[in-house]
Amino acid sequence: MSERKVRVRFAPSPTGPLHMGGVRTALYNYLFAKQHNGDFLLRIEDTDQTRLVPGAEEYIINSLKWCGMSPDEGQSVGGDYGPYKQSERKHLYKQYADQLINSGHAYYAFDTAEDLDRVRLMAKKAGTANWQYNNVTREQMKNSLTLPAEETAAKLAAGEPYVIRIKLPRNEEVKFEDMIRGWVSVNTNNMDDKVLFKSDGMPTYHLANIVDDHLMNISHVIRGEEWLPSAPLHILMYRYFGWEGTRPTFAHLPLLLKPDGNGKLSKRDGDRLGFPVFPLQWTDPETGAISSGYKEQGYFAEAFVNMLAFLGWNPGTEQEIFSMNELIESFNIERVNKAGAKYDHDKTKWFNQQYLRAKSNEELTELLMPMLAEQNISSTKEYSSQVIELVKERAYFVADIITEGLYMFEAPTEYDEKTLQKKWNSEAREHVSNLISRFSDLSDFSSSSIEACFSSYLAEKETGFGKVGPGFRLAVTGKGMGPSMFEICAILGKEETISRMQMALEKLPV
RNA sequence: GGCCCCUUCGUCUAUCGGUUAGGACGCCAGGUUUUCAUCCUGGAAAGAGGAGUUCGAUUCUCCUAGGGGCUGCCA
């Protein structure tokens, strides 16, 4: 049973940007494939031509790429089972729908959309629950089951629009084993005769999905829980097609939920709650509205992926930081939780911080240099690296190094108001002035040397750090808090430090 | 409404019948720090409720409640 090569697919619909829930589904597919030396495919499910959004397909591909989950096969990469976009496979599906009609498992239905609307409306008015086209109501509808054969033939010959619906049996228990949920069972009386083939000549998800998974030799279907209710339908379809022997194993993933309130995480929650829901920034092609992305917000792809992996799965150990390779090794689909998980943005930030700290100063320098250039801040790699070492511990994002330590690159242009009022007085000015001359005499302007000089000054004046420190910091950095002043000054250098102190004395009268 | 799935600290979760119910995020307190951040130490914080099975249930079964999903010629 386990000789079959693992082949999984991520099959998004290009109706908009892929959100983080979708990315996690892709991730679990990817991890499962890689740990079994299998294939990870990307198939674009664009059977609903009315909902296509320009740029969405490209966005999906770019998102997977950013996350480090390149498909082995699929749209944009090719492979032996292409094409990998359903609209390009359109010609394939009709024959399979016909096969089901011929075997008595499907039928033509001629009810128009308006007919159905009317019936549903009437049912609603009559106070009955949602009307369904099922093994009871189909008797009252216009289809090849109720119409005389000649009339059906005539309608088809006349080119009258029709759909093909599956014909579900009455009162049959459909059971299947889900890798995550165990046995799931549904009675066909609670299911409806889903449309398999639409009047526009395109298959619906249900048909295209089953046909393609079969044709592409998919071994495991790992998808979101929203598909669980239609899984029994799919099970039945595999049976009716005679493909039960190679039917993929199913795994339905728990959903990602809103951090507050109820419901699944949706595209709107990001703006409402102040965090991105998309991996990459997205510009709506129609409205021009911009939705922020994790990448643009400064998250490392590894941190984003690590966070997503832990939303619904854990290794059972206390390790939380996992590289993609470690995830591939440790992932176990049977350890995926059943219940939905609320997204926690604080935890995401924490993950990013962990990754930031794990990076070497060299790596961070490479990331920082272009950001500095963008802001027209000139600096050498060597100098930047020193600043990184200094402020790294207080940063969550690479950009924080600039916002936290801007004064390391540029002399302050403004001074913290609160510190100014509380700590800047004639005494503080006096100390700064005195320190200027002390510093001028220093030949060794290292952190320890500055500290020694500073300490002896305090001793001499018989005063404490609290009397001198804040004004000193304000003069040099413009801030009321920050890293060690001695290290700041050592990195800035003697000349710059003294010049800033002099500037403060000029600009900040008491 | 119907059907299906789910239910341990605020959040993500560990526990595969016997534990002082563990960890992480966040929060609080103390320590370190001239300051802030970091870091260290400590703390508060959970088995939805009710039956049953069992010597013993967070763990197994059932019921109730709550949450989620689906209920389209959308995926």
Side-chain angles (χ1 to χ4, degrees), chain A residues 11-15 45-48 50-51 86 109 111-113 116-117 120 124 127-133 161-165 178 180-182 184-187 189-192 194-206 208-209 223-232 252 254-255 257-264 307 310-321 335 337-351 353 357 391-396 400 404 419 423 454 458 464-470 472-473 479-486:
Chain A
S13 182
T15 54
E45 308 221 327
D46 60 343
T47 52
D48 185 355
T50 66
R51 294 209 310 154
Q86 290 180 330
D111 320 277
T112 63
L116 295 173
D117 285 346
R120 279 192 250 264
K124 200 172 181 180
T128 38
N130 274 1
W131 182 87
Q132 300 212 127
Y133 206 118
Y162 66 88
V163 299
I164 295 175
R165 287 181 181 271
D178 185 283
I180 295 169
R181 284 151 211 287
V184 175
S185 172
V186 179
N187 189 291
N189 287 351
N190 294 316
M191 297 163 62
D192 60 343
K194 283 270 183 284
V195 170
L196 264 24
F197 197 82
K198 301 187 273 188
S199 58
D200 68 355
M202 285 292 266
T204 60
Y205 170 88
H206 303 292
N209 191 266
R223 69 213 321 189
E225 192 185 354
E226 70 268 27
W227 292 110
L228 193 53
S230 44
H252 289 91
L255 265 17
L257 273 18
K258 298 178 198 299
D260 68 336
N262 314 1
K264 64 174 172 179
M307 175 279 291
F310 270 70
L311 237 35
W313 170 85
N314 75 84
T317 66
E318 285 179 3
Q319 183 183 348
E320 290 199 86
I321 302 301
R335 281 192 66 91
N337 295 105
K338 297 177 175 59
K342 287 185 179 172
Y343 173 72
D344 181 353
H345 195 52
D346 281 329
K347 189 87 185 208
T348 306
K349 284 196 273 194
W350 176 80
F351 271 112
Q353 184 188 33
R357 286 187 188 164
V391 299
K392 187 177 173 180
E393 291 299 308
R394 53 229 305 143
Y396 281 79
D400 288 348
E404 277 286 326
T419 313
K423 306 286 185 182
F454 194 91
L458 290 184
F465 220 125
K467 293 285 185 195
V468 189
F472 174 39
R473 177 182 298 281
K479 301 283 184 188
M481 53 191 138
S484 156
M485 276 312 293
F486 311 123

**OP:** State which of B:C12, B:C3, B:U38 makes the closest approach to the side chain of A:Arg357.
**Re:** B:U38
Original post:
Is the A:Trp227 ring parallel, tilted or perpendicular to the A:His206 ring (thresholds 30°, 60°)?
Top reply: perpendicular
Output one line per pair: protein atom, nucleotide atom from nucleotides 21-27 of chain B, and distance, for all N/O pairs under 3.5 Å.
{"unit_1": "B:G22", "atom_1": "O2'", "unit_2": "A:Glu318", "atom_2": "OE2", "d": "3.4"}
{"unit_1": "B:G23", "atom_1": "O4'", "unit_2": "A:Glu318", "atom_2": "OE2", "d": "3.2"}
{"unit_1": "B:A24", "atom_1": "O4'", "unit_2": "A:Glu320", "atom_2": "OE2", "d": "3.0"}
{"unit_1": "B:A24", "atom_1": "O2'", "unit_2": "A:Glu320", "atom_2": "OE2", "d": "2.6"}
{"unit_1": "B:A24", "atom_1": "O2'", "unit_2": "A:Lys347", "atom_2": "NZ", "d": "2.5"}
{"unit_1": "B:A24", "atom_1": "N3", "unit_2": "A:Lys347", "atom_2": "NZ", "d": "3.4"}
{"unit_1": "B:C25", "atom_1": "OP1", "unit_2": "A:Trp350", "atom_2": "NE1", "d": "3.3"}
{"unit_1": "B:C25", "atom_1": "O2'", "unit_2": "A:Lys347", "atom_2": "N", "d": "3.4"}

Original post:
Out of B:C70, B:A75, B:C73, which nucleotide sits closest to the side chain of A:Asp48?
Top reply: B:A75
Give me, pair by pair, the N or O atoms of the protein and of nucleotides 5-7 of chain B that are less than 3.5 Å apart, along with how far apart they are.
{"unit_1": "B:C5", "atom_1": "O2'", "unit_2": "A:Arg181", "atom_2": "NH1", "d": "2.4"}
{"unit_1": "B:C5", "atom_1": "O2'", "unit_2": "A:Glu225", "atom_2": "OE2", "d": "3.4"}

**OP:** May I ask you to decide if A:Glu45's main-chain N or O and A:Ser13's side chain share a donor-acceptor pair within less than 3.5 Å?
**Re:** yes
Original post:
At under 4.0 Å between heavy atoms, what does A:Trp313 touch on the DNA or RNA strands: base, sugar-phosphate, or nothing?
Top reply: nothing
Subject >> Flag, side chain of A:Arg335 to backbone of A:Asn314, donor-acceptor distance under 3.5 Å >> reply: yes
Protein-nucleic acid N or O pairs under 3.5 Å, nucleotides 44-49 of chain B:
none

Original post:
Mind checking whether A:Lys338 and A:Arg181 have side chains closer than 4.5 Å, heavy atoms only?
Top reply: yes
**OP:** Locate the shortest heavy-atom distance separating A:Tyr205 from A:Arg223; write the atom from each residue and the value.
**Re:** OH-NH2, 3.2 Å
Original post:
OP1 or OP2 of B:A14 sitting under 4.0 Å from any side-chain N/O of A:Asn314?
Top reply: yes
Original post:
Between A:Asn187 and A:Asp200, which is nearer to the 5' end of RNA chain B once each is assigned its nearest nucleotide?
Top reply: A:Asn187
**OP:** With RNA chain B as reference, determine whether A:Arg473 or A:Lys194 sits nearer its 5' end, using the nearest nucleotide of each.
**Re:** A:Arg473
Original post:
Which part of the nucleic acid does A:Arg223 contact within heavy-atom distance under 4.0 Å: base, sugar-phosphate only, or nothing?
Top reply: nothing
Original post:
Which one, B:C74, B:C12, B:U35, comes nearest to the side chain of A:Lys198?
Top reply: B:C74
Original post:
Is a donor on one side and an acceptor on the other found under 3.5 Å between the side chain of A:Asp111 and the backbone of A:Leu116?
Top reply: no
Original post:
A:Arg51 side chain N/O closer than 4.0 Å to the phosphate oxygens (OP1, OP2) of B:A75?
Top reply: no
Original post:
Of the candidate nucleotides B:C12, B:A75, B:C73, which contains the atom at the shortest distance from the side chain of A:Trp227?
Top reply: B:A75
Original post:
Should the pair A:His345 and A:Tyr343 be assigned to parallel (<30°), tilted (30 to 60°) or perpendicular (>60°) ring geometry?
Top reply: tilted
**OP:** Verify, without hydrogens or angle tests, whether A:Glu318 (side chain) and A:Glu320 (backbone) share a donor-acceptor contact under 3.5 angstrom.
**Re:** no
**OP:** Ignoring backbone atoms, establish whether A:Ser484 has a side-chain N or O less than 4.0 Å from OP1 or OP2 of B:U33.
**Re:** no
What nitrogen or oxygen pairs link the protein and nucleotides 40-43 of chain B at under 3.5 Å?
none

Original post:
Between A:Asp192 and A:Lys194, is the closest basic N to carboxylate O distance under 4.0 Å?
Top reply: yes
Original post:
Mind checking what makes ring pair (Phe, Tyr, Trp, His ring centres under 6.0 Å) contact with A:Tyr396, not counting sequence neighbours?
Top reply: none
Subject >> Under 3.5 Å donor-acceptor, A:Arg357 side chain and A:Ala395 backbone >> reply: no
Subject >> Non-neighbouring partners of A:Phe472 that pass ring pair (Phe, Tyr, Trp, His ring centres under 6.0 Å), sequence neighbours left out >> reply: A:Phe439, A:Phe454
Original post:
More than 12 non-hydrogen atoms from neighbouring residues, nucleotides or ligands closer than 6.0 Å to NZ on A:Lys423, yes or no?
Top reply: no
Original post:
Is A:Asn337 near enough to B:U13 that one of its side-chain N or O atoms lies under 4.0 angstrom from OP1 or OP2?
Top reply: yes
